[in-house]
Amino acid sequence: MTFRTHMDAALQEAKSAASRGEVPVGAVVVSASGDVIATAGNRTRELNDPTAHAEILAIRAACDVLGQERLTGYDLYVTLEPCPMCAAAISNARIARLYYGASDPKSGGVAQGPAVFTHPQCHHAPEVYEGLSAQASETLIKTFFAQKRGG
């Protein structure tokens, strides 16, 4: 089977989040056969919900569509390295593979900081692939924050 990335869809969700004034992060849940099950972008400000990160919203939507609480065998594409909260949700959802774009030295929880998937209390660790569309993801984030700071 040929690998097909879904980072373009995640980047589109991130751009939509930015247009709403949200930190531009997008996520896409994909089945083993390559079908997109759910997409989401950050909505923390819109929903007044600190847990409304793209990953959490995409996982919730996929579980709702499938009528189950776990996503065993499903992949998650995210434009930014997941934070510790999202990494824990990814583990709890039993995501098979995590693909992410830009690293997040400040708030990341996968390769940075607590490295959730390597913790002894982590019940499930997905396969992790970093750096997909990293430059586009990083540019989107940096541009967003530069505009917020007025320059």
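Values reported hereafter were calculated over all heavy atoms of this structure, with side chains retained and with hydrogens, waters and symmetry mates removed.
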**Student:** At their closest point, which heavy atom of C86 faces which heavy atom of P82, and how far apart are they?
**Tutor:** CB-CB, 3.9 Å
**Student:** Drop me the distance from Y74's OH to D35's CG, to the nearest 0.5 angstrom.
**Tutor:** 8.5 Å
**Student:** Work out which heavy atom in L47 is nearest to a heavy atom in A52; give both atom names and the distance.
**Tutor:** CD1-CB, 4.0 Å
**Student:** Applying a strict under-4.5 Å side-chain criterion to I, L, V, M, F, W and Y, I'd like to know whether V128 and Y77 cluster together.
**Tutor:** no
**Student:** Applying a strict under-4.5 Å side-chain criterion to I, L, V, M, F, W and Y, I'd like to know whether L98 and L80 cluster together.
**Tutor:** yes
**Student:** Compare every heavy atom of S91 with every heavy atom of H123, then report the nearest pair and how far apart it is.
**Tutor:** N-OG, 4.1 Å
**Student:** Restricting to side chain to side chain contact (heavy atoms under 4.5 Å, CB included), what partner residues turn up for E13, sequence neighbours left out?
**Tutor:** T39
**Student:** Could you check L76 against V78 for side chain to side chain contact (heavy atoms under 4.5 Å, CB included), going step by step and ending with a plain yes or no?
**Tutor:** CA-CA 6 Å; L76 180 65; V78 188; 3.6 Å; yes
**Student:** Among residues at least two apart in sequence or on other chains, which ones pass side chain to side chain contact (heavy atoms under 4.5 Å, CB included) with A89?
**Tutor:** I56, I59
**Student:** Taking all non-hydrogen atoms of both residues into account, name the closest pair between A87 and F117 and its distance.
**Tutor:** O-CE2, 3.2 Å
**Student:** Quick one: CZ on R43 to OG on S16, what's the gap to the nearest 0.5 Å?
**Tutor:** 8.0 Å
**Student:** I need the I90 CD1 to Y100 OH distance, nearest 0.5 Å.
**Tutor:** 10.5 Å
**Student:** So, do I141 and P24 sit near enough that their side-chain heavy atoms are less than 4.5 Å apart?
**Tutor:** yes
**Student:** Ignoring hydrogens, what is the shortest heavy-atom contact between S137 and L11? Give both atom names and the distance.
**Tutor:** OG-CD2, 3.6 Å
**Student:** For the pair V25 and H53, evaluate side chain to side chain contact (heavy atoms under 4.5 Å, CB included) and give the outcome as yes or no after the intermediate values.
**Tutor:** CA-CA 8 Å; V25 178; H53 290 197; over 6 Å; no
**Student:** Would you please test R94 and L71 for side chain to side chain contact (heavy atoms under 4.5 Å, CB included) and show each step?
**Tutor:** CA-CA 6 Å; R94 305 300 195 264; L71 299 172; over 6 Å; no
**Student:** Between N42 (side chain only) and V23 (backbone N and O only), is there a donor and an acceptor less than 3.5 Å apart?
**Tutor:** yes
**Student:** Return the CG to OH distance between L132 and Y99, rounded to the nearest 0.5 Å.
**Tutor:** 8.0 Å
**Student:** Under 4.5 Å between side-chain heavy atoms, counting indirect links through other Ile/Leu/Val/Met/Phe/Trp/Tyr residues: same cluster for V30 and M7 or not?
**Tutor:** yes
**Student:** Test salt bridge (Lys or Arg N to Asp or Glu O under 4.0 Å) on R20 and E46 and set out the steps.
**Tutor:** CA-CA 8 Å; R20 295 188 304 271; E46 176 186 345; 3.5 Å; yes
**Student:** What is the minimum heavy-atom distance between Q68 and R70, and which atoms define it?
**Tutor:** NE2-O, 2.8 Å
**Student:** Which is it for T51 and D49 under the side chain to side chain donor-acceptor pair (under 3.5 Å) test, yes or no, and what are the steps along the way?
**Tutor:** CA-CA 5 Å; T51 69; D49 179 356; 2.6 Å; yes
**Student:** If only side-chain N and O atoms count, and only distance matters, is there a donor-acceptor pair under 3.5 Å linking T139 with Q135?
**Tutor:** yes
**Student:** Could you state the interatomic distance from CD (E138) to CG (D104), rounded to the nearest 0.5 Å?
**Tutor:** 10.5 Å
**Student:** Heavy-atom distance under 4.5 Å between the side chains of Q112 and E81, does that happen here?
**Tutor:** yes
**Student:** Donor-acceptor check, side chain of N92 to backbone of A88, threshold 3.5 angstrom: yes or no?
**Tutor:** yes
**Student:** Is there a donor-acceptor pair closer than 3.5 Å between any side-chain N or O of E127 and the backbone N or O of A96?
**Tutor:** no
**Student:** If you apply the rule side chain to side chain contact (heavy atoms under 4.5 Å, CB included), what do you find for I37 with L66, and how did you get there?
**Tutor:** CA-CA 8 Å; I37 306 301; L66 298 167; 4.2 Å; yes
**Student:** Please tell me if the side chains of P50 and T44 come closer than 4.5 Å, counting only heavy atoms from C-beta onward.
**Tutor:** no
